Amino acid sequence: MTTRRKFLTGTAALGAASLGGFPHIWSKNSMLARAADGQIKVGVLFSLTGTTAIIEESLHKATLLAIEEINAAGGANGMEIVPVVEDPASDPATFAEKARKLVLSDRCVSVFGAYTSASRKAVLPVFEKRDNLFWYPTLYEGRECSKNVIYTGAVPNQQQDDFIPWLVENFGKRWYLIGSNYIYPKEENNYCKKLLAELGAEVVDEEYVPLGHSEFSSVINKLKAEKPDVIFSTVVGDSVVALHRQYHAAGLDPETMPMASLTTSENEVAAMGADAAAGHFTSAPYFMVWDSPENQKFVEAYRSRWGGDKVTHFVSEPSYFQIQLFKQAVEKLAPSDIDPVNIREALKGEQYQAPQGLVKVEPENLHTWLRPKIGRCKSDGQFEILKQSADWLGPDPYKAYPGQLCTAEGLKEA
Ligand code: ACM
């Protein structure tokens, strides 16, 4: 449990910040939400019910863990971070409604939340209209350039640039693409198809199933008939569990027809049972087995807070480290200047030694430099890391769209 410490308030906090403080030259817009009375209010907006609760509940827990740790150690800039928790129930319209509440009624200076790109798209106008900040920890499809979102998950170049050529080389050139039916899988597949074309590989089928879909028998029949070399999966939520279980029950063999996923983490593996996941591949910047002192500390803290059987994964880890980045940004500001616009400016270029390794917020596009890795799931439900990028890899959210570039001034088109 959190040990409450005394938080510095008023002149003591102001003095502490002013000594090493960051020059606060930005917005003085009185409409902006602002920290006050020794408290920094933030929204926590992850689904605790509905089809993506399977993953979002763990993002919620990683977020609260980081907030509790920071508060137990004296807060951010001497102020307590106060989480305001809402459950948007895996429904984009509810995401938008709750986001409006957090920004307009609760006057949070930032909101941490969302898994699906459909829900991020739904809340975007709320943050853009009020110049507030939405912190999004999930891998996503790129092709977005907003000064009101901090993106701490991977974009396609960070998950696919090493992964696709490696799979083609090791398994072959006939690919079957299966995804949930919304923007994220379609854009990831768009990028995947470009890479496959460059490698002379072929897409034998491309299929989309509704969100929450759980009946994959027609897909399994097609896999049996078409015998692709690789099944590239971008299904999300409960569908990940259903697809793997039905593949396994059909007796298909990952040695000859593996699934290669951007969305299957230790969390979905725990839900489906390791038997159904063993032998399949995932590309991600983080795996729970990653060997670093920061990761050991994170895993131990997560398990001690939420249960010894719990897993950490490549979306819960950014959910955790983005709170640390938030703290670092807040600590560059005088307490009276803690508002979304100043936080954004203070965050640009900020680095943090995360469980996955050193990460950095790219000042141009507010995405994050990450450390991509390729993992193969083992029969104990953990991944063996087979390959990792030589160095951290910068985010290129418009890589599939040559001529378009996300810059600090907005989207530039050549
Ligand atoms: C996703 O929808 N960004 C997984």
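Whatever order the structure lists ligands and atoms in, that order sets their numbers, starting from 1. Quick caveat, the model's predicted, so the values are computed rather than measured.
- Between Phe383 and Phe287, the ring-plane angle classifies as tilted under the 30° and 60° cut-offs.
- Using cut-offs of 30° and 60° for the angle between ring planes, the Tyr302 and Trp306 rings count as tilted.
- Between Asn189 and Trp175 the shortest side-chain heavy-atom distance does not fall below 4.5 Å.
- Nearest approach of Ser239 to Phe216, heavy atoms of both residues: O-CE1, 3.7 Å.
- Listed by chain and number, residues touching ligand 1 at under 4.0 Å (heavy atoms only) are Tyr115, Thr116, Ser117, Tyr136, Thr138, Leu139, Tyr140, Tyr182, Tyr184.
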### Task
Just do the ring-ring contact (aromatic ring centres under 6.0 Å, His included) check on Phe326 and Phe112 with the steps written out, would you?
CA-CA 10 Å; Phe326 171 82; Phe112 305 92; 5.4 Å; yes
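- Looking at Phe134 and Ser146, their side chains never come closer than 4.5 Å, going by heavy atoms from C-beta outward.
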